[in-house]
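Heads up: the structure comes next, in structure tokens.
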Amino acid sequence: MTRSAIPGLLIALGLLALGLIVAFTVGRYPVGLSELVDVLWSKLTGRQSSASPAVENVILLVRGPRVVAAVLVGAALAVAGTAFQGLFRNPLVSPDILGASSGAALGAVVGIYFSLGVIAIEGLAFAGGLAAVAAVYLIGSMLHSRDPILVLVLTGVVIGALLGAGVGLVKYLADPYNQLPAMTFWLLGSLAATTLSDLLPLLGPVALGTIVLVALRWRLNVMSLPEEEARALGVGTGPLRSVIVAAATLVTSASVATSGIIGWVGLVVPHLARALVGPDFPKLLPTAALLGGSYLLFIDTLARTAAQIEIPLGILTAVIGTPFFIWLLAGMQRNWS
């Protein structure tokens with residue numbers, strides 16, 4: 001690792017540590033920093049904690065799963081966004097560009113419509129995201145063009161719009177007193193109902209997809225070059241692109257299945273990481289993961305403390321992401337690398 005990447009990584013690590021402290025200590029039931037350290041240290045060492053049982057429950061059972069989920073979801077969306085932006089050589093691409101989020105949303109609302117259990121709803125959301133990307137790739141491969149990346153992106157937009165219409169239809173048919181509020185709340189994004197049992201189905205796919213992307217970090221540098229140059233370097237762009245898209249979709253679908261639709265993280269965070277360590281993927285991917293986890297930690301803490309009722313995460317990320325997107329559009333004439 002080059003020396004210039006160390007300051008950026010240290011900044012990202014510092015933000016994550018600060019986000020963890022804030023997320024654990026701030027809330028309706030304030031927890032002191034000394035109490036937090038005492039409870040966590042007692043669990044690591046196996047000794048008896050001096051904190052009250054109420055404080056232990058808040059840290060370990062209430063905020064703990066939510067904090068871990070926020071870190072995993074934020075990191076997953078940021079890594080997926082980083083991979084997609086490099087793969088498609090477009091600074092405005094986000095993880096849901098191939099319809100993964102829309103497919104996961106449709107699967108989840110169908111599960112809610114049929115009153116299925118939480119695990120079944122998450123499974124349908126995950127399957128919907130993967131099926132959407134498979135459909136985009138199948139249609140894109142059937143349409144021969146000089147620019148397959150452009151065709152793939154446009155196909156993703158069209159499939160995403162179609163799936164969004166399906167979500168609207170299911171919401172229209174749903175019971176307006178029970179099912180419709182649940183669908184609406186889930187689609188806006190939230191980690192409020194996260195429990196320990198939700199972490200394993202999230203951790204497995206996120207870890208697998210992230211490991212694949214990290215393992216391909218050097219090839220991602222090559223894939224960010226124009227298609228002809230990448231092939232001239234001996235890289236099989238077609239199969240490699242499929243693997244990268246599958247890994248990024250895996251982490252995106254798992255995140256959406258757990259937290260609902262949380263937009264803009266995969267668009268905003270990669271640019272922040274690139275500003276810290278540059279465009280080299282071996283440095284960029286871990287920095288984006290750290291920043292994504294800390295970013296969503298701060299957003300989630302704000303969501304549960306800013307008002308008497310919890311603000312959906314999708315609303316807050318949109319409030320921050322929209323002006324950032326406008327700034328990106330205004331700067332598109334500048335060089336992006």
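Across all their heavy atoms, Ile112 and Gln179 have their closest contact at O-NE2, 3.6 Å. Annotation for Leu106 and Val109: closest pair O-CG2, 3.2 Å, computed over non-hydrogen atoms. Taking every heavy atom of both residues into account, Ala78 and Val269 meet most closely at CB-CG1, 3.6 Å. Closest heavy-atom contact between Ser102 and Gly160: OG-O, 3.6 Å. Taking all atoms of both residues into account, the shortest heavy-atom contact from Glu310 to Ala192 is OE2-CB, 3.5 Å. Listed here is the closest heavy atom pair of Ala105 and Ile261: CB-CD1, 3.9 Å.
Using a 4.5 Å heavy-atom threshold, the side chains of Leu15 and Leu290 count as separate. Looking only at side-chain heavy atoms (C-beta outward), Val136 and Val245 stay at 4.5 Å or farther from each other. In this structure the side chain of Thr82 reaches within 4.5 angstrom of the side chain of Phe281, judged on heavy atoms. Ser101 is listed as a side-chain neighbour of Thr252, based on a closest heavy-atom distance under 4.5 Å. Side chains of Leu297 and Val22 form no contact here, defined as non-hydrogen atoms less than 4.5 Å apart. Between Leu202 and Ser259, the closest side-chain pair of non-hydrogen atoms is not below 4.5 Å. Inter-residue side-chain proximity for Tyr295 and Ile320 is flagged as met; some heavy-atom pair is nearer than 4.5 Å. Taking 4.5 Å as the limit, some side-chain heavy atom of Leu208 sits within range of a side-chain heavy atom of Leu250.
Atom CD1 of Ile159 is separated from atom CD1 of Ile139 by 4.0 Å, given to the nearest 0.5 angstrom. Here the CG-CZ distance, from Leu87 to Arg219, works out to 13.5 Å after rounding to the nearest 0.5 Å. Interatomic distance, CG of Leu33 versus CG of Asp38, reported as 11.0 Å (0.5 Å rounding). Here the straight-line distance linking atom CG of Asn221 with atom CG of Leu216 works out to 11.5 Å at 0.5 Å rounding. The CZ atom of Phe114 sits 12.0 Å away from the CD1 atom of Ile121 when rounded to the nearest 0.5 Å. Interatomic distance, Leu284 CG to Leu220 CG, rounded to the nearest 0.5 Å: 9.5 Å.
Ile211 and Val214 are members of different hydrophobic clusters when ILVMFWY side chains are connected at heavy-atom separations under 4.5 Å. Residues Met183 and Leu173 fall within the same hydrophobic cluster, defined by Ile, Leu, Val, Met, Phe, Trp and Tyr side chains chained together at heavy-atom separations under 4.5 Å. Note: the hydrophobic cluster containing Leu116 also contains Val170 (ILVMFWY, side chain heavy atoms under 4.5 Å, direct or indirect links). Cluster membership for Val251 and Val268, using ILVMFWY side-chain heavy atoms within less than 4.5 angstrom, is not shared. Residues Val62 and Val37 fall into different hydrophobic clusters, defined by Ile, Leu, Val, Met, Phe, Trp and Tyr side chains chained together at heavy-atom separations under 4.5 Å.
A donor-acceptor pair under 3.5 Å links the side-chain atoms of Ser42 to the main chain of Val39, judged by distance alone. With Thr317 contributing its side chain and Gly263 its backbone, the two residues share a donor-acceptor pair below 3.5 Å. Proximity of a side-chain donor or acceptor of Arg304 to a complementary backbone N or O of Arg28 within less than 3.5 Å is not detected. Panel note: side chain Ser190, backbone Trp186; no donor-acceptor pair is recorded below 3.5 Å.
The ring-ring contact (aromatic ring centres under 6.0 Å, His included) analysis of residues 75-98, with sequence neighbours excluded, yields the pairs Phe84-Phe88.
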Next on the checklist: Test side chain to side chain contact (heavy atoms under 4.5 Å, CB included) on Val71 and Leu16; report intermediate values, then the result.
Outcome noted: CA-CA 9 Å; Val71 172; Leu16 180 60; 4.3 Å; yes
Next on the checklist: Determine whether Trp264 and Leu77 satisfy the following criterion, side chain to side chain contact (heavy atoms under 4.5 Å, CB included), listing intermediate values before the conclusion.
Outcome noted: CA-CA 9 Å; Trp264 300 99; Leu77 294 176; over 6 Å; no
Checklist entry - Would Leu267 and Gln85 satisfy side chain to side chain contact (heavy atoms under 4.5 Å, CB included), going step by step from the backbone distance to the final call? => result CA-CA 8 Å; Leu267 173 65; Gln85 287 180 9; 3.9 Å; yes
Item to check | Intermediate values then yes/no, side chain to side chain contact (heavy atoms under 4.5 Å, CB included), Leu163 and Val167 | outcome: CA-CA 6 Å; Leu163 295 171; Val167 171; 5.7 Å; no
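Using a cutoff of 4.0 Å between basic side-chain nitrogens and carboxylate oxygens, Arg66 and Asp198 are not scored as salt-bridged.
Enclosure of atom CG in Leu44 by more than 12 non-hydrogen atoms of other residues, nucleotides or ligands within 6.0 angstrom is indicated.
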